[in-house]
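Keep in mind that the numbers below use all heavy atoms, side chains included, and drop hydrogens, waters and symmetry copies. Within every chain, numbering begins at 1; the chains are lettered A, B, ... in the order of the sequence lines, protein sequences first and strands thereafter.
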There are 2 protein chains.
Amino acid sequence: MTEKIATIEDVARQAGVSIATVSRALHKPDVVSETTREKVQTAIAATGYTANVMARNLRLNRSGMILLLVPDIGNPFFSSILSGIEKGASQAGYNVLIGDTQNDPEREATYAAYLRSNQADAMILLNGRLPAPLAKAPANATSPVVIACERIPGCALPTVIIDNDEASFVATRHLIDLGHTRIAHVSGPTGNILTTDRVTGYRRALKSAGITSEPNLIYRGDFSIDSGIAAGRALLADAKTRPTAVCCASDGMAIGVIVAAKEVGLRIPQDLSVVGFDDIPHAAAYDPPITTVRQPRRRLGEQAIALLLDRLGSKIPSAHHDSGPVIVPTELIIRQSTGPCPS
Amino acid sequence: MTEKIATIEDVARQAGVSIATVSRALHKPDVVSETTREKVQTAIAATGYTANVMARNLRLNRSGMILLLVPDIGNPFFSSILSGIEKGASQAGYNVLIGDTQNDPEREATYAAYLRSNQADAMILLNGRLPAPLAKAPANATSPVVIACERIPGCALPTVIIDNDEASFVATRHLIDLGHTRIAHVSGPTGNILTTDRVTGYRRALKSAGITSEPNLIYRGDFSIDSGIAAGRALLADAKTRPTAVCCASDGMAIGVIVAAKEVGLRIPQDLSVVGFDDIPHAAAYDPPITTVRQPRRRLGEQAIALLLDRLGSKIPSAHHDSGPVIVPTELIIRQSTGPCPS
DNA sequence: ATTTTTAATGTAAACCTTTACATTTCTCTC
DNA sequence: GAGAGAAATGTAAAGGTTTACATTAAAAAT
């Protein structure tokens, strides 16, 4: 079973041609004669030859690899984006290497080094932060990097995002329209641009309705179910000051808030309305089904890879780049976790 | 900004040594003198050199890549396994390339070809099927492939699994102990070995309690929430023949069954007990919290990568191989979705 | 029939490493 | 201080491709 792997040389010998001809037969079929092409084909079949991708990539000075930096692959939100990216990438002949950074700057830096060392041809960032090495070199307009999901302020790289501010505004507005005035917000972690934007949208909606926002109605979570439970317990502890509605920055946290609400005997939505964010599959199957902001995850991924491929294709900075970030639309999915304000 | 990337030659020139010395300074530091090592270090810093991994790999005839074949990366069940694998791999200097096969044999074959073409050094299969190319060549005992999650009957490759039969037995037994006798089973798709094993465990439990299993109490799903809803609607439609308990082969399907049960006004667990499988994070936060079989996902991943690294390290077939599959223990987590049989 | 043009193939360099082997430079020892 | 042995470094090949350039063969034009 020590069967040696066939190289292009073996094929050439078998077919009675030079290795150059074999290579051409494979990559520029129109330049070799019909008959030799056939000879090469049979020789390939006979030897079971498959090109050594590493040698090929070395010669072409590429890796065929697109690096995808995600903060947490365990989060189903990211895995859908991924499948959009994957499809586009593999169509264009690229593989997707996933770097799970766990929000660790060191891991981010390690992965970013892949770009320099030719281990990756391009990079898509889902984690809302420029890895240190990139941040130093003023992110130049031609580097093959695309940012998705979280915009990076002051960064000129192509970006595809949703309008978090507006989406959060719409979600909050929905609660206001239902008559709620004591509306809490469970946000993401500090320092995250998503957090900032969504808090801004929330505040803007309150303001537009003439409601003054109370700082203690904003609770910082971390997008997880557990942090949602903690938020719910904190916000609902005091029956006197309790909000009648909660707007959450993730579905997981919305679920957590509902769990906490049920703990203290509150009914959803009769006693408390809850809005989520993302529309993960579980949101629709929860009890009650959760009203939430649907992010077009697949589209986000598709747009990101499209932007990147565009960039890889033409060296000139793409048109997209100058026209600001690509914004994909969100949609408020109204289900049964929200209802009129209890009187 | 057309800054050329520094090669080992640039470093050598800068340091006034040969490229061989530079290479040695990096990989066999003890063999070069203190002073030159320092010269090399400063030269590296000055040039900003990072080794071209592709050239290195070509020379060493390896790729540093471990291919992970999963049926669906969107399933959170797999993403946890992944993080266990990822950790071990990166410690050993490998990257993990994820191949999302979507259960498509063609995609499986494409990915499996990576092994032959040196694009990957090894492979971990989470999808319970040998890709065609491997299946043909009688999976020889030394090929760097490890199977996880789903055993492949008659395949001698190292395997790490849970005892699905036993876990399903325990879950069903739990319902029997609560006094249930009309117990349904919502299984995975046909042809999946998980399905077979879990159905077997279910049947074995019934038999051990002297209950004859009724074929129409077994519903084939596909692990998704939606298929669980369908299962629930089908099984609970007729109030006369309705089971008092349902044992599901995934948490998603358990959630689906509960959704369907609530549709027809059944209370969980007073009117219907439901058991899930996997213990995904959402299981604990559901209403009611779901009794389920916890799979040690991270451990599964860790074991798989350990087995693989063991294999890559020593050419001789590892000890593990002969001692049959590695079985990691599961645990029945009893929550509030199961209760005594209604009288 | 001879030259010119075109098509098909071959030769060899380049991509960037690592490492076996050869060579040089030390450091001892007598 | 010469010779041996050890330590450090250098030279060059190898790894499997792709491709610019050179060469040959065939077809077209004179």
Which pair of heavy atoms, one from [X] and one from [Y], lies closest together, and at what distance?
X        : Y        : answer
A:Gln119 : A:Met65  : O-CB, 3.4 Å
A:Cys155 : A:Ile147 : SG-CD1, 3.7 Å
A:Gln14  : A:Ala46  : NE2-CB, 3.7 Å

Could you give the [atom1]-to-[atom2] distance, from [X] to [N], as a whole number of Å?
X       : N      : atom1 : atom2 : value
B:Arg62 : C:dC16 : CZ    : P     : 20 Å
B:Glu34 : C:dC26 : CD    : C1'   : 17 Å
A:Arg56 : C:dC15 : CZ    : P     : 18 Å
A:Met54 : D:dG16 : CE    : C1'   : 10 Å
A:Arg37 : C:dT9  : CZ    : C1'   : 14 Å
B:Ile19 : C:dT17 : CD1   : P     : 8 Å
B:Leu60 : D:dG16 : CG    : P     : 13 Å
B:Lys28 : D:dG10 : NZ    : C1'   : 15 Å

Query raised in the report: With a non-hydrogen cut-off below 4.0 angstrom, is A:Asn61 in contact with a base, only sugar-phosphate, or nothing?
Result: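 Here A:Asn61 touches no strand at all.
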Report task. With heavy atoms under 4.0 Å as the rule, sort A:Val53 into base, sugar-phosphate or nothing. Result -> nothing
[N] phosphate, OP1 or OP2: any side-chain N/O from [X] under 4.0 angstrom?
X       : N      : value
A:Ser23 : D:dT17 : no
A:Thr21 : C:dG10 : yes
B:Thr36 : D:dA8  : no
A:Thr7  : D:dG15 : no

Query raised in the report: Do A:Arg107 and B:Glu86 sit within salt-bridge range, that is, some charged N less than 4.0 Å from a carboxylate O?
Result: yes
Requested in this report: Answer yes or no on whether B:Arg297 is positioned over the face of B:Phe78, meaning its NZ or CZ is under 6.0 Å from the six-membered ring centre and within 45° of the axis.
Outcome: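 No, cation not above the ring by the 6.0 Å, 45° rule.
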Report task. Ignoring the backbone of B:Ser18, work out which of C:dC16, C:dG10, D:dG10 is nearest its side chain. Result -> D:dG10
Report summary line: Per atom distances to the B:Ser33 side chain, the nearest of D:dA8, D:dT17, C:dG10 is D:dA8
Query raised in the report: Does any donor-acceptor pair link the side chain of A:Arg24 with the base of C:dG10 at a separation under 3.5 Å?
Result: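 Present.
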Query raised in the report: DNA chain D: B:Ala20 or B:Leu58, which has the more 5' nearest nucleotide?
Result: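 The 5'-side residue here is B:Ala20.
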